[in-house]
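These notes concern the structure reproduced below.
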Amino acid sequence: MFTLVMLFALLGLGAWATVKAVGAAKRGVDRTITQAKRTVEDTALKAKSIGQVGVPGSLAQLRLDLRTSMRTTQEALREGSRADASLKESLVLFERLSAHGHELDDELKRLEQEPDRARVAAALPDLRERVAKITQSADALRWAARDRARRFAEDELSTLSAQIEVESDALRDYASRRDPLDDLAEAAAAWDAAAGPAAGSAAGPGNGRGEERQDPRGHRGASQTPALDPAAPAPQYPWQKSTRPETTT
């Protein structure tokens with residue numbers, strides 16, 4: 001029973017992993033297709049803005065300016081939010097702005113197919129103003145994020161430079177200091193050098209220390225110690241007989 005449960009659990013885990021992998025692959029393909037479509041459309045807009053004059057060229061240029069500003073701002077905010085969590089609020093504001101940008105881009109795209117060029121020409125000033133308002137807001141968010149990232153980089157560089165300077169000063173101070181062992185070795189050498197001549201002079205003529213004495217009888221040897229006291233007479237005990245004095249007769 002336990003084996004069957006484990007088997008079903010493994011099968012379920014495998015199926016979930018497969019679904020996740022397929023979903024990730026699908027999202028990757030969708031992103032690739034979206035980017036390819038965007039590249040193709042931007043290239044077509046560039047060609048129209050350069051190759052066409054009048055209303056079609058103006059509409060193409062407005063769409064190109066709007067799309068370029070929105071795309072670069074989105075990339076800057078997403079990249080910056082990975083290192084700076086506070087930019088997530090800016091991303092929320094951008095998403096709201098992006099909704100207005102998509103709406104205006106769709107409107108400009110429909111006007112490209114509008115046969116009444118005079119009506120479209122009359123609407124161009126208002127369209128330019130709306131595009132400028134959205135692009136200015138997007139540019140403000142983008143440049144603010146870049147300025148913030150630059151200030152963070154400058155502050156980090158300043159802090160790092162200060163730390164490196166402190167460490168360099170510490171290394172120089174350490175290198176200029178003498179090792180205590182070297183000081184002890186030099187002191188010991190100086191002591192030995194000063195004690196050498198003094199020991200030699202102490203062992204010279206006129207000093208009896210460490211020198212053998214000449215005995216008046218001609219014997220050489222170390223200085224004699226004082227003589228010992230004469231031995232005390234042997235004690236007399238009561239049971240011993242007293243010595244009889246010798247007669248001289």
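Side-chain atoms are counted along with the backbone in the values below, which use heavy atoms only and exclude waters and symmetry mates.
The 12-atom threshold is not exceeded at CZ of Arg78, counting heavy atoms of other residues, nucleotides or ligands nearer than 6.0 Å. Atom CD of Glu95 has more than 12 neighbouring heavy atoms from other residues, nucleotides or ligands inside a 6.0 Å radius. Around atom CD of Glu79, no more than 12 heavy atoms belonging to other residues, nucleotides or ligands sit under 6.0 Å away.
Within the structure, every pair that satisfies the salt bridge (charged side-chain N to carboxylate O under 4.0 Å, His left out) test and touches residues 133-144, not counting sequence neighbours, is listed here: Asp139-Arg142. Residue pairs meeting the side-chain hydrogen bond (donor to acceptor under 3.5 Å, both in side chains) criterion with at least one member in residues 108-129, sequence neighbours excluded, are Arg63-Glu112. Pairs of residues two or more places apart, or lying in two chains, never qualify as side-chain hydrogen bond (donor to acceptor under 3.5 Å, both in side chains) while including a residue from residues 154-167.
Here the side chain of Ser81 pairs no donor or acceptor atom with the backbone of Lys88 at under 3.5 angstrom. Without hydrogens or angle criteria, Thr68 side chain to Asp65 main chain gives no donor-acceptor distance under 3.5 Å.
Looking at every heavy atom in both residues, Ser58 comes nearest to Leu124 through CB-CD1, 4.0 Å. The two residues Leu97 and Ser137 make their nearest non-hydrogen contact at CD2-CB, 3.7 Å. Annotation for Val131 and Leu66: closest pair CG1-CB, 4.2 Å, computed over non-hydrogen atoms. The minimum heavy-atom distance between Leu87 and Ala145, with the atom names listed, is CD2-CB, 4.1 Å. When all heavy atoms of Phe94 and Met70 are compared, the pair lying nearest together is CZ-O, 3.2 Å.
Paired with Leu62 under the rule side chain to side chain contact (heavy atoms under 4.5 Å, CB included), one option of Leu127, Leu111, Thr135 passes, and it is Leu127. Only one option out of Val92, Leu91, Leu93 pairs with Leu77 in a side chain to side chain contact (heavy atoms under 4.5 Å, CB included); it is Leu91.
Here the CD-CG distance, from Gln74 to Leu141, works out to 12.0 Å after rounding to the nearest 0.5 Å. In this structure, the separation between CG on Leu64 and CD on Gln61 is 5.5 Å, given to the nearest 0.5 Å.
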